[in-house]
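What follows is one structure encoded as structure tokens, with my remarks underneath.
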Amino acid sequence: MLLGVIADDFTGATDIAGFLQGNGLRTLQLNGVPAADLAVEADAVVISLKSRSCPPAEAVADSLAALDWLRARDCAQVFFKYCSTFDSTPKGNIGPVTDALLDALGEDFTVICPVLPVNGRTIYNGYLFVNDVPLNESGMRNHPVTPMTDANIMRVMEAQSRGRAGNVPSRILDKGVEAVRSALDALRAAGVRYAVLDALNDRHLEVMGAAVQGMRLVTGGSGLADGMARHWRTGRTAAVEPVVRGPAVVLSGSCSQMTNAQVAAYRAEAPAMAVDVDRAITGDAAAYADDLTHWVLAHQGGLAPLVYATMPPDALRQVQDRHGAARASERIEHLFALLAQRLEAGGVVRFIVAGGETSGSVTQALDIPGFAIGAQIAPGVPWVRAVGKPLALALKSGNFGAERFFFDAQSVADGSH
């Protein structure tokens, strides 16, 4: 096993798995910490956790359990995968998990690189940008669970960890692999624990991918993994799983800026039902899920029906003021979990899901042990096929994809894209 990935949410896991598969690595995604006796044959294994926004101690425990499973299989290198917008709170969970993994591996230094230039996530002088806008000025400042209010990744990392952070600037990346390795050695010698790598373009990914070869632990977004995987290319094309045919649904829980635009574009042409958030939070969730299931099944044929809790920032703040942010999020995700179970029982076999928390809730509710990787819909979003079940899912991080993503997903599935 060349690479073992510990991903802090389900959309992030499919994101990185798609890039690894695209570089010719046989890649398997496993949901949750696998059973100790599970045998796998793969160049890369991605373990999906739901550890992005849970209590830090829980995130650390789950991540260490995943690490133990990978080490028992002589995994050559470990990659801690988090979102390319560095989604976390002042208490973690990126910092605590990184520290725990370093300690378990007997290491004192790693890289921090939440980049994906193809999707507009770049780092310059240690500051993270989203489509050329500083992170704290992007839509992430209004995230309901992990609002990002500082674009300086060194500062954010130091606030939630126990070491110092430094920067390898883009001008060093421009000089090539050996220059980056020298800069990393200098930072480590100076007592820095976390090296934030700048990345502005595809060439920088190639350089950093080569520079981190041999590090036992690296951390970052799927852009770094893409750069690393290019140096392991086997000359083959990894098999792509076909998408299951049959009834479909779109479930959207993300309130990101892009998902709001995607929902608006889709509901103008397709059957769409907004979640009654007050009923979802305070009412009988099971009865409400029954009603939504009946509506979805009654609207099969043509474009897949959409059920969405997506809303603009002002409406989201009103919901949080009425019910509390944590309670509102938990109850809406619970509703989506119940709905997914009922839809599967009703014959739905294709699930297009927007939002990391929503994707995790749906995948866990469907009791899917893992995924084989299918065709790419957009950068970072492949179709995946459930292991052991005739189900296909497209799990989309909130800000990924173009405005017509929900249309594109169905076109790819039907072979017309």
Side-chain angles (χ1 to χ4, degrees), residues 8-12 48-55 58 83 87 89 139-140 142-147 249-264 266-267 271-296 304-344 346 348 351-368 393-400 405-406:
D8 70 354
D9 85 337
F10 286 74
T11 57
S48 316
L49 302 178
K50 204 167 185 293
S51 59
R52 178 168 298 173
S53 56
C54 66
E58 182 181 336
C83 188
D87 300 15
T89 71
M140 281 301 300
N142 297 314
H143 194 283
V145 180
T146 54
V249 68
V250 181
L251 304 176
S252 181
S254 170
C255 292
S256 72
Q257 186 173 353
M258 179 52 74
T259 303
N260 267 283
Q262 290 162 343
V263 165
Y266 193 73
R267 71 185 185 192
M273 174 69 73
V275 170
D276 181 338
V277 293
D278 291 321
R279 183 180 177 189
I281 295 167
T282 64
D284 183 337
Y288 191 19
D290 288 340
D291 291 346
L292 290 173
T293 299
H294 178 77
W295 180 84
V296 170
L306 163 69
V307 178
Y308 65 97
T310 302
M311 61 188 76
D314 289 346
L316 176 62
R317 279 191 290 271
Q318 292 174 17
V319 170
Q320 293 174 333
D321 289 344
R322 290 198 303 273
H323 302 288
R327 182 166 181 254
S329 178
E330 187 276 329
R331 294 301 297 168
I332 291 171
E333 299 312 331
H334 178 61
L335 174 68
F336 277 119
L338 294 176
L339 177 58
Q341 290 174 334
R342 285 157 170 75
L343 291 174
E344 181 192 18
V348 172
F351 291 81
I352 302 166
V353 189
E357 295 297 318
T358 310
S359 294
S361 296
V362 167
T363 301
Q364 290 178 328
L366 294 175
D367 195 24
I368 298 172
L393 296 91
L395 306 176
K396 186 194 82 74
S397 180
N399 278 308
F400 280 18
F405 174 84
F406 298 139

**Request:** Walk me through it: do Arg317 and Asn142 pass the test side chain to side chain contact (heavy atoms under 4.5 Å, CB included)?
**Result:** CA-CA 9 Å; Arg317 279 191 290 271; Asn142 297 314; 3.7 Å; yes
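- Residue Leu335 forms a side-chain contact (heavy atoms from CB on, under 4.5 Å) with just one option from Val307, Val277, Leu292, and that option is Leu292.
- Closest heavy-atom contact between Ser254 and Thr358: N-OG1, 4.2 Å.
- At distances below 3.5 Å, not a single donor-acceptor pair connects side-chain atoms of Ser361 with backbone N or O atoms of His334.
- Between Leu306 atom CG and Phe406 atom CZ the span is 6.0 Å, to the nearest 0.5 Å.
- A side-chain contact (heavy atoms from CB on, under 4.5 Å) with Val250 is found for exactly one of Val296, Val353, Ile352, namely Ile352.
- Summarising the geometry of Gln364 relative to Phe10, their closest heavy-atom pair is CG-CZ, 4.0 Å, with the distance given to 0.1 Å.
- Heavy atoms only, all atoms of each residue included: Asn260 and Cys255 are closest at ND2-O, 3.2 Å.
- Counting only distance, with no hydrogens or angles, the side chain of Asp8 and the backbone of Leu49 share no donor-acceptor pair below 3.5 Å.
- Around CD of Gln320, the count of heavy atoms belonging to other residues, nucleotides or ligands within 6.0 Å exceeds 12.
- Side-chain contact check for Thr282 versus His323: some heavy-atom pair is nearer than 4.5 Å.
- Distance CG/Asp9 to SG/Cys54: 11.5 Å, rounded to 0.5 Å.
- When all heavy atoms of Val362 and Ala340 are compared, the closest pair comes out as CG1-CB, 3.9 Å.
- Residues Phe336 and Ser252 come closest through the heavy atom pair CZ-O, 3.5 Å.
- Between the side chain of Thr293 and the main chain of Ala289, a donor-acceptor pair closer than 3.5 Å is present.
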**Item:** Verdict with supporting geometry, Asp291 and Met273, side chain to side chain contact (heavy atoms under 4.5 Å, CB included)
**Value:** CA-CA 11 Å; Asp291 291 346; Met273 174 69 73; over 6 Å; no
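- In this structure, CZ on Arg322 lies 4.0 Å from CG on Asp278, to the nearest 0.5 angstrom.
- In this structure, OG in Ser53 is found 3.5 Å from CD in Glu357, a value given to the nearest 0.5 Å.
- Taking both residues in full, the closest heavy atoms of Gln262 and Phe400 are given as NE2-O, 2.9 Å, listed atom of the first, atom of the second, then distance.
- Between Met140 and Asp87 the shortest side-chain heavy-atom distance falls below 4.5 Å.
- Side chains of Ser48 and Thr363 form no contact here, defined as non-hydrogen atoms less than 4.5 Å apart.
- Considering only heavy atoms from C-beta on, Val249 stays 4.5 Å or farther from Leu339 through its side chain.
- Side-chain contact check for Lys396 versus Thr259: some heavy-atom pair is nearer than 4.5 Å.
- To the nearest 0.5 Å, the span separating OG1 on Thr11 from CG on Leu395 amounts to 7.0 Å.
- Put simply, OG on Ser397 and CE on Met258 are 11.5 Å apart, with the number rounded to the nearest 0.5 Å.
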